[in-house]
Amino acid sequence: MFVQRSKLLFLYISVICLGIFVTILTYASIAGDKPDCQSVFPHDVPLQDLDSRQQELDRKLSQLRDLEVTLRRSYPQKVAAIEQIVDDRHVPTIYVITPTYARTVQKAELTRLSYTFLHVPKLHWILVEDSPTKTALVSQFLSRCGLTYTHLNVATPPVFKTKSADPHWLKPRGVLQRNLGLEWLREHLHADTANGVVYFADDDNTYDIQLFEEMRYTKRVSVWPVGLSGYLRYESPVVTNGHVTSWFTYFRPDRAFATDMAGFSINVRLLLDRPEAVFKNTVRRGHLETNLLSAITTMGELEPKAHNCTKVLVWHTRTEKADLRNEDKFKKRGFPGSNPDIEV
Ligand code: UGA
Ligand code: MN
């Protein structure tokens, strides 16, 4: 009881400190942007002094982010309260939709992904399990992760599943799961008030957190290169005079939008305005992305990000399947193998 109380007291004090900190920093940064900054920084402050004050401010902001991450991880059930204090109402939310399915490496993938997302302000994770029920592993993982999240599930029917002998690209993956995420957004947000972007982040890719700031102010659809994609070092939109004019890919560069799922984000209002825009299990191989984007935009409207598509900020990494051959060998030798009660 006492421990519980002192924990709550610590949370309370931390949250108050965070609030005061944010207020001071917000005021300082707003004042710093305005022409009448003399009231905060008098005329006679030498330039190098301003530089060092800026550095100090940056340091404090980064400490503030660290404190927020620590609080989120320590009090995952209080994330809404923590968010209310640090929340800047005008900053667009990034809605990340992630399909995921049960396999030996799932928890490792989700752990890595959640640690990336913890470093991104105003992120709402919509995690959709490819499963007829919500699994205990994912439910428990989410309840401890410290992120703002929505947990959904829908099973891919067996006809649309790749068999273990099939090549991985034979059938599209994560289709119904991403569509359920879109359906949730369409049900819970309103076109006149929604402020954010949607990003489809697979659970096995690698994301630089700068990517999320690139996409945050997307007006319609933003695009950028994806590293290690399409059996090339990277695949990328080709940008001429600030506009996307074609695609650098080996596979079907003639597709209207020859990008990987990880290579674009969409303003959420555009998706609310176009309820017919969904992913389709029946499209030709490699046409999932181009099919969706064709329903909502044109090449001329695309917003190239990541320094005019010259920087790679996301990688299409693929995790090796877990090789558990020695579990079987144990059993063949009459040993019980690893303890199934230990979650991996
Ligand atoms: C590539 C693209 O990067 C994917 O976005 C696209 O969905 C996929 O091709 C496709 O053609 O459908 P790839 O690495 O081959 O990705 O696919 P996976 O990473 O195996 O799967 C994509 C996402 O779907 C992952 O988040 C994964 O967890 C999920 N998934 C996969 C399921 O939900 N169910 C499955 O049975 C398999
Ligand atoms: Mn993948």
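We count ligands from 1, going down the list as the structure has it; atoms in each ligand are counted the same way. Computed from a predicted structure; not experimentally measured. Values below: all heavy atoms of this structure, side chains included; hydrogens, waters and symmetry mates excluded.
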Going by the atom numbers of ligand 1, which of them fall below 4.0 Å from some non-hydrogen atom of T100? 28 (O), 33 (O)
Below 3.5 Å, N or O to N or O, backbone or side chain included: is there any such pair between M261 and ligand 1? no
Pairs of nitrogen or oxygen atoms closer than 3.5 Å, one from D204 and one from ligand 1: do any exist? yes
Counting non-hydrogen protein atoms only, what is the nearest one to atom 16 (O) of ligand 1? Give residue, atom name and distance. H316 NE2, 3.3 Å
Checking D51 against Q55: is there a side-chain donor and acceptor pair closer than 3.5 Å? no
F200 ring center within less than 6.0 Å of F279 ring center: yes
For T156 and Y101, run side-chain contact (heavy atoms from CB on, under 4.5 Å): C-alpha distance rounded to whole Å, both residues' side-chain angles, the deciding distance at 0.1 Å, then the answer. CA-CA 10 Å; T156 304; Y101 70 110; over 6 Å; no
Given the options D204, T206, D202, T317 meets side-chain hydrogen bond (donor to acceptor under 3.5 Å, both in side chains) only with T206
Can you find an N/O atom of T98 closer than 3.5 Å to an N/O atom of ligand 1? no
Contact atoms of ligand 1, heavy-atom distance to D260 under 4.0 Å: 2 (C), 3 (O)
Could you tell me the residue and atom name of the protein heavy atom closest to atom 33 (O) of ligand 1, and the distance to it rounded to 0.1 Å? D130 CB, 3.5 Å
Taking T249 for its side chain and F251 for its backbone only, find out whether a donor-acceptor pair lies under 3.5 Å. yes
Proximal ligand 1 atoms for R178, defined as those under 4.0 Å from one of its heavy atoms: 4 (C), 5 (O), 6 (C), 7 (O), 22 (C), 23 (C)
Audit row: E213, R216, salt bridge (charged side-chain N to carboxylate O under 4.0 Å, His left out) steps and yes/no: CA-CA 5 Å; E213 301 320 313; R216 197 183 291 279; 2.8 Å; yes
Could you measure the distance from the CZ atom of R318 to the OG atom of S229? Nearest 0.5 Å is fine. 10.5 Å
For E68 and V86, indicate whether the former's side chain and the latter's backbone hold a donor-acceptor pair under 3.5 Å. no
Examine the proximity of ligand 1 to E109 and report which part, side chain or backbone, both or neither, has a heavy atom under 4.0 Å away. neither
Give the ring-plane orientation class for F117 versus Y207, where under 30° counts as parallel, over 60° as perpendicular and anything between as tilted. tilted
If we ignore angles and hydrogens, is there a donor and acceptor under 3.5 Å between the side chains of Q106 and T100? yes
In this structure, CZ of R72 is separated from CD of E83 (nearest 0.5 Å) by 4.5 Å
Using non-hydrogen atoms of the residue, decide whether L288 is closer than 4.0 angstrom to ligand 1. yes
Among protein heavy atoms, which sits nearest to atom 26 (O) of ligand 1, and what does the distance come to when rounded to 0.1 Å? P99 O, 2.7 Å
So, is R173 polar-close to ligand 1, with some N/O to N/O distance under 3.5 Å? yes
Please identify which atoms of ligand 1 are closer than 4.0 Å to at least one heavy atom of K161. 35 (C), 36 (O)
Do you know which N/O/S atom name in D204 is closest to the Mn ion (ligand 2)? OD2
D202 neighbourhood, listing ligand 1 atoms whose heavy-atom distance to it stays under 4.0 Å: 2 (C), 3 (O), 4 (C), 5 (O), 22 (C), 23 (C), 25 (C), 26 (O)
List the closest protein heavy-atom neighbour of atom 14 (O) of ligand 1: residue, atom name, distance to the nearest 0.1 Å. R318 NE, 2.9 Å
Among non-hydrogen protein atoms, atom 30 (N) of ligand 1 lies closest to Y101 CD2, 3.4 Å
R285, portion touching ligand 1 at heavy-atom distance under 4.0 Å: neither
Closest non-hydrogen protein atom to atom 25 (C) of ligand 1, residue and atom name please, with distance? D203 OD1, 3.5 Å
Without swapping roles, check the side chain of R178 against the backbone of R173 for a donor-acceptor pair under 3.5 Å. yes
